[in-house]
Amino acid sequence: MSPELVVQLLRDALLTAFWLALPLLAIGFAVGILMSLVQIVTSIQDSAFSTVPRLIAFLAAILLFLPWMVNRSAGYAAQVLANLGQYAR
């Protein structure tokens, strides 16, 4: 296996992991910022006030993006398995 092939394989794996995590991280970030702004405006300093909506947003995002995430990860796995002979050289 050539070094270029190893670099390409690792690059594809990291990019796939990045794209799978991006929607959840973006929604978590947006809800976290929104809840922090609400806490600043209302002067509520309860930790459950920010945690519960963030967890609900993560659950909704997982349910919304799960088919796309499974499709993307299955496509990556199929690509790796299809090129398995090339990796063994």
Side-chain angles (χ1 to χ4, degrees):
M1 184 183 300
S2 69
E4 294 83 18
L5 189 60
V6 172
V7 168
Q8 182 65 31
L9 186 62
L10 287 175
R11 180 182 175 275
D12 290 344
L14 290 174
L15 277 175
T16 301
F18 170 76
W19 286 114
L20 289 176
L22 183 67
L24 299 178
L25 292 175
I27 289 174
F29 178 74
V31 170
I33 293 294
L34 181 68
M35 293 311 300
S36 294
L37 289 173
V38 169
Q39 280 184 324
I40 290 169
V41 170
T42 61
S43 298
I44 297 175
Q45 297 301 322
D46 187 18
S47 65
F49 184 73
S50 66
T51 304
V52 173
R54 197 176 310 152
L55 289 174
I56 292 170
F58 271 121
L59 178 63
I62 287 173
L63 292 176
L64 179 68
F65 288 107
L66 188 63
W68 174 80
M69 293 168 72
V70 168
N71 189 18
R72 182 114 184 180
S73 61
Y76 174 73
Q79 175 194 4
V80 169
L81 291 176
N83 295 329
L84 200 57
Q86 182 182 6
Y87 302 144
R89 290 186 215 160

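Positions are given from 1, in the same order as the sequence printed here. Just so you know, these numbers come straight off a predicted model, no measurement behind them.
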Inset, instruction - Would you please test N83 and Q79 for side chain to side chain donor-acceptor pair (under 3.5 Å) and show each step? - result: CA-CA 6 Å; N83 295 329; Q79 175 194 4; 6.0 Å; no
Legend entry - side-chain contact (heavy atoms from CB on, under 4.5 Å) evaluation trace for F18 with L22: CA-CA 6 Å; F18 170 76; L22 183 67; 4.0 Å; yes
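Atom CG of L59 sits about 4.5 Å away from atom CG of L63, to the nearest 0.5 Å. Remark: R54 CZ to I56 CD1 distance equals 12.0 Å, nearest 0.5 Å. Between atom CD of residue E4 and atom CZ of residue R11 there is a gap of 14.0 Å, rounded to the nearest 0.5 Å.
For the pair Q39 (side chain) and D46 (backbone), a donor-acceptor distance under 3.5 Å is present.
The shortest heavy-atom contact between Y76 and L9 is OH-O, 3.8 Å. The minimum heavy-atom distance linking P53 with A48 is given by the pair CD-O, 4.0 Å. Scanning all heavy atoms of the two residues, the minimum distance from W68 to L20 falls at CZ3-CA, 4.4 Å. Contact record, T42 with V38: OG1-O, 2.7 Å, taken as the closest heavy-atom pair. Across all non-hydrogen atoms, the minimal contact from V31 to A57 is CG2-CB, 3.5 Å.
None of I27, I33, L25 except one satisfies the side chain to side chain contact (heavy atoms under 4.5 Å, CB included) rule with F29; the exception is I33.
Residues F58 and F49 share a hydrophobic cluster, clusters being chains of Ile/Leu/Val/Met/Phe/Trp/Tyr side chains in contact below 4.5 Å. Side-chain heavy atoms closer than 4.5 Å link hydrophobic residues (I, L, V, M, F, W, Y) into clusters, and following such links, possibly through other members, connects V80 to L5. Connection of L64 to M69 is established within a shared hydrophobic cluster, with ILVMFWY side chains joined at heavy-atom distances below 4.5 Å, either directly or through further cluster members. Residues L10 and L84 share a single hydrophobic cluster, defined by chaining ILVMFWY side chains whose heavy atoms lie under 4.5 Å apart.
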